[in-house]
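One structure below.
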Amino acid sequence: MSSINRIPSSPTNFQKYVQASDSKIYIFGADIAGKIMLKIMRAKGIDIEGFIDNNKNKCGIPIDGVPVLHANAVLASISKTAIFLIASTYIAD
């Protein structure tokens with residue numbers, strides 16, 4: 001049984017954590033909050049592997065060169081060591 005590691009929440013510690021890790025990073029939410037998160041991560045020199053979204057209409061069209069993938073199609077195949085940044089304005093989802 002694997003455990004969930006707590007990811008540092010401060011920007012500096014998160015940046016150090018990511019740079020020391022080989023985990024791929026995904027942003028859940030391909031809307032305005034996700035786009036802002038992408039800009040913040042890029043400004044910190046952090047690469048984003050892709051966006052994940054529940055809305056099929058947003059999928060298949062890259063955002064600033066980053067692919068947008070449908071959650072149902074890819075979540076089971078993504079490594080369990082991946083880091084997901086939640087950037088959704090749909091709190092209930």
Side-chain angles (χ1 to χ4, degrees):
M1 179 180 207
S2 66
S3 63
I4 296 175
N5 293 326
R6 181 124 177 106
I7 307 288
S9 59
S10 78
T12 302
N13 289 340
F14 178 74
Q15 186 176 8
K16 289 177 186 175
Y17 177 87
V18 168
Q19 290 170 339
S21 168
D22 62 351
S23 297
K24 295 185 188 232
I25 302 172
Y26 294 87
I27 296 174
F28 190 92
D31 210 338
I32 188 69
K35 291 173 184 176
I36 292 169
M37 180 71 70
L38 176 64
K39 288 183 185 286
I40 292 168
M41 293 297 109
R42 282 187 169 165
K44 297 287 185 185
I46 297 172
D47 293 324
I48 300 299
E49 185 71 16
F51 286 94
I52 308 290
D53 204 282
N54 290 328
N55 185 338
K56 286 183 182 179
N57 294 327
K58 295 179 185 177
C59 299
I61 302 169
I63 297 173
D64 289 335
V66 178
V68 180
L69 311 166
H70 190 253
N72 287 345
V74 299
L75 283 178
S77 64
I78 293 176
S79 170
K80 301 232 185 296
T81 63
I83 297 169
F84 291 87
L85 302 174
I86 308 301
S88 177
T89 56
Y90 298 98
I91 300 302
D93 289 351

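FYI, the numbering just counts along the sequence from 1.
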Minimal heavy-atom distance between A33 and A87, with the atoms involved, is CB-O, 3.3 Å

Scan the side chains in residues 38-52 for donor-acceptor partners under 3.5 Å anywhere in the protein, sequence neighbours excluded, and list what turns up.
from: R42; atom 1: NH1; to: D64; atom 2: O; distance (Å): 3.3
from: R42; atom 1: NH2; to: D64; atom 2: O; distance (Å): 2.8

Without placing hydrogens or testing angles, list every side-chain donor-acceptor pair under 3.5 Å for residues 25-32, not counting sequence neighbours.
from: D31; atom 1: OD2; to: K58; atom 2: NZ; distance (Å): 3.3

In terms of heavy-atom contacts, P62 and G60 come closest through CD-O, 3.5 Å

Sequence neighbours excluded, the answer for side chain to side chain contact (heavy atoms under 4.5 Å, CB included) partners of S21 is S23

Separation between NE2 (H70) and CG (L75), nearest 0.5 Å, reads 9.5 Å

